[in-house]
Amino acid sequence: MKNMKYIFLLILGLGVLFACKKPDSEPVLDMSQTVAPGISSPDDGGTYVLTIEDAANDFASFQWSAAVYNISDLETVKYALQYDMADSNFKNVANLVTTEELMFTPTVAAMNDKALAMGAVVGEATDFSFRVKSFINDETTYSDAFSQVITLTITPYEDVVTSKVIYLLGSGTTIGWDNTKAWPMTPLGDGVYVITEHLVPGADQFIKFISKLGQWAPQWGTDATGTAEDGPLVYRPDETVADPAAIPVGDVEGNYYIEADTVGLTYRTILTSGELYLVGAGTPVGWDNTLALPFTQDPDTLTKFTIVTTLNADGGMKFLEVLGQWAPQWGSYDGGPDGGTLSYRPTESVPDPPEIPVPGVAGEYMITVDLRAMKYWFTAQ
């Protein structure tokens, strides 16, 4: 019995000892131990003379090593490939891409557009600095680590594509392949163009984009990897280049939001609900999306909607596609009290667009929404 008492006391003492032992402290990110990414390609000092004939070709493959942080279970490390004019010391820094990959290959068209946007002059050689920033999240700059800087000399060409409207046409659209009647798309800047069009599915139903009415070049199609939802744009600058493949239409008939990025050379199409509802502080229902007011769809165009209602003297509004849901929704891209261009939010993962402002004088108005033109306007009743 005496031995049993000692054993019991020993077990009790060990339990107290382990109970009082402090847990190991959480690991702390120590940036002094971070190994920054390093650019391995392209070579520092490279010279590039860009031409419109090479617009769809690769500019250069930017490759870099992975950043190493002293904590292994961090969020996924992200990388921003950044650039600026060499004499600006990154005061006007911009991102070519943000990615989790260790490489990025822009097209000649994309690099030409970025060079011009930064202030380079057509036909003149300009030095640009490039670096890679690694980071854990964009809520703080603490985890930022930068690669060495490389300098590339770039001579841009005159960009006659991204500064003009491009057009949508195809057997899947309401105007077919008549390139004299193709639908103009709305430019959103940086070579991005959008439109909402009623598409009809079928084995031989396709779409393409052209830049001049009545001409088949320049044009954009896709390749074998392109789907009805998204894919790469393939550019045909002139008649000497073979036609790219046409972009297929989805399996469901309806209004599709269509986006063509002529700089990044990608496209996407999103099937909309075909309905529209009004909500907002400037409306009779406020921001209760379950009480949003329905628009009436024009049976001829299928992409135009109207509603007559009273509006307050102040407050904003949004156009919803599904009653009781905040996405998809339409907000303002550059709108004012008379009307403006729409901005589309397809899913909850996309930030809310700005509110659409009311006309400023309380009263009864007809609100007209033309999704094909990406416009809205008010008419006093």
Are T141 and D144 linked by a side-chain donor-acceptor pair shorter than 3.5 Å?
no
For the student: nearest non-hydrogen atoms of V249 and A228, plus distance
C-CB, 3.7 Å
Quick one: does any side-chain atom of S332 pair with a main-chain N or O of I356 as donor and acceptor, under 3.5 Å?
no
Using the side-chain contact (heavy atoms from CB on, under 4.5 Å) definition, which of the options Y193, Y267, F209 pairs with W220?
F209
Please identify each residue that fulfils side chain to side chain contact (heavy atoms under 4.5 Å, CB included) with A292, with sequence neighbours left out.
Y277, V279, L320, L323
The single option from T303, N255, T301, T173 that satisfies side-chain hydrogen bond (donor to acceptor under 3.5 Å, both in side chains) with H198 is N255
Which atom pair, heavy atoms only, marks the closest approach of S88 to N92?
OG-ND2, 3.8 Å
State, to 0.1 Å, how close P328 and P346 come at their nearest heavy-atom pair, and which atoms those are.
CG-O, 3.4 Å
Without swapping roles, check the side chain of N95 against the backbone of V97 for a donor-acceptor pair under 3.5 Å.
no
Could you list all the side chain to side chain donor-acceptor pair (under 3.5 Å) pairs where at least one residue sits in residues 36-49, not counting sequence neighbours?
none
CG of D352 to CD of E348, rounded to nearest 0.5 Å, is 8.0 Å
L169 vs I210, test: side-chain contact (heavy atoms from CB on, under 4.5 Å). Steps then yes/no.
CA-CA 8 Å; L169 78 170; I210 59 175; 3.9 Å; yes
Report yes if the side chains of W183 and I195 come closer than 4.5 Å at any heavy-atom pair, otherwise no.
yes
Tell me, with the steps shown, if F130 and T151 meet side-chain contact (heavy atoms from CB on, under 4.5 Å).
CA-CA 6 Å; F130 294 83; T151 300; over 6 Å; no
Centroid separation F104 to F62 less than 6.0 Å
no
Side chain to side chain donor-acceptor pair (under 3.5 Å): pairs with one or both residues in residues 355-369, sequence neighbours excluded
none
With a 6.0 Å cut-off on ring centres, are F295 and F319 close enough?
yes
Test item: P359 and D338 side chains (from C-beta on) under 4.5 Å apart, heavy atoms:
no
Inter-residue atom distance W330.CH2 - R345.CZ, 0.5 Å rounding
13.5 Å
So does T225 get a backbone contact from the side chain of D223, meaning a donor-acceptor N/O pair under 3.5 Å?
yes
L188 side chain reached by Y333 side chain, heavy atoms, under 4.5 Å:
yes
Reported CE-to-CG distance for the pair M118 and L116, which is rounded to 0.5 angstrom
11.5 Å
Any donor-acceptor N/O pair, T341 side chain to D334 backbone, under 3.5 Å:
no
Cluster companions of V35 among Ile, Leu, Val, Met, Phe, Trp, Tyr (side-chain spacing under 4.5 Å)
V68
Would you check if the side chain of T222 reaches a backbone N or O of P232 as a donor-acceptor pair within less than 3.5 Å?
yes
Starting from V149 and following side-chain heavy-atom contacts under 4.5 Å between hydrophobic residues (I, L, V, M, F, W, Y), which residues can be reached?
F90, V93
Answer with yes or no whether the hydrophobic clustering places I307 together with F305; edges join I, L, V, M, F, W, Y residues whose side-chain heavy atoms lie under 4.5 Å apart.
yes
Verify same cluster id: L102, F135 (apolar side-chain graph, 4.5 Å)
no
Can you pull out every side chain to side chain donor-acceptor pair (under 3.5 Å) where at least one residue sits in residues 124-135? Sequence neighbours excluded, please.
Y69-S134, Q82-R131, D127-T153
Quick check for you: to the nearest 0.5 Å, what is the distance between N70 atom CG and Q33 atom CD?
4.5 Å
Which residue pairs pass the salt bridge (charged side-chain N to carboxylate O under 4.0 Å, His left out) test when at least one of the two sits in residues 247-272, sequence neighbours left out?
E259-R268
Run the numbers on D54 and Y157 for side-chain contact (heavy atoms from CB on, under 4.5 Å), then give the verdict.
CA-CA 10 Å; D54 293 329; Y157 58 84; over 6 Å; no
Evaluate the side-chain proximity of I39 to S147: yes if any heavy-atom separation is below 4.5 Å, no if none is.
yes
F378 versus V361: any side-chain heavy-atom pair under 4.5 Å?
no
So salt bridge (charged side-chain N to carboxylate O under 4.0 Å, His left out) across residues 366-381, not counting sequence neighbours, yields E197-R372
Enumerate donor-acceptor pairs with a distance under 3.5 Å from any side-chain N or O in residues 311-318 to protein atoms, sequence neighbours excluded.
residue, atom, partner, partner atom, Å
N312, ND2, A281, O, 2.9
K318, NZ, Q329, OE1, 2.7
K318, NZ, P353, O, 3.1

Might you point out which heavy atoms bring F146 and A36 nearest each other, and give the distance in Å?
O-CB, 3.3 Å
Residues 236-247, side-chain donor-acceptor partners within the protein, below 3.5 Å, at least two apart:
residue, atom, partner, partner atom, Å
R236, NE, D238, O, 3.4
R236, NE, V241, O, 2.6
R236, NE, D243, OD1, 3.1
R236, NH1, W216, O, 3.2
R236, NH1, D243, OD1, 2.9
R236, NH2, E239, O, 3.4
R236, NH2, E239, OE1, 2.8
R236, NH2, V241, O, 3.4
D238, OD1, T240, N, 2.9
D238, OD1, T240, OG1, 2.3

Measure the acute angle between the ring planes of Y344 and Y257, then classify it against the limits of 30° and 60° as parallel, tilted or perpendicular.
tilted
Do the side chains of I258 and L199 get nearer than 4.5 Å, heavy atoms only?
yes
Quick one: are P37 and Y79 in side-chain contact, heavy atoms under 4.5 Å?
yes
Listing request: all salt bridge (charged side-chain N to carboxylate O under 4.0 Å, His left out) pairs with a residue in residues 89-111, at least two apart in sequence or in separate chains.
none
Shared hydrophobic cluster, L302 / M374 (ILVMFWY, side-chain heavy atoms < 4.5 Å):
no
Is there a side-chain contact between W177 and S171 (heavy atoms, below 4.5 Å)?
yes
Going from CG on N57 to OH on Y235, what distance comes out if it is rounded to the nearest 0.5 angstrom?
12.0 Å
Residue pairs passing the salt bridge (charged side-chain N to carboxylate O under 4.0 Å, His left out) test with at least one member in residues 284-307, sequence neighbours excluded, are none
Step by step, work out the side-chain contact (heavy atoms from CB on, under 4.5 Å) result for T266 and L233.
CA-CA 5 Å; T266 60; L233 279 180; 5.7 Å; no
Quick check for you: to the nearest 0.5 Å, what is the distance between T309 atom OG1 and Q381 atom CD?
10.5 Å
Count I, L, V, M, F, W, Y as connected when their side-chain heavy atoms are under 4.5 Å apart, and connections chain through other members. Are L271 and F206 then in the same cluster?
yes
Common cluster, I270/L342, ILVMFWY with side-chain heavy-atom separation under 4.5 Å
yes
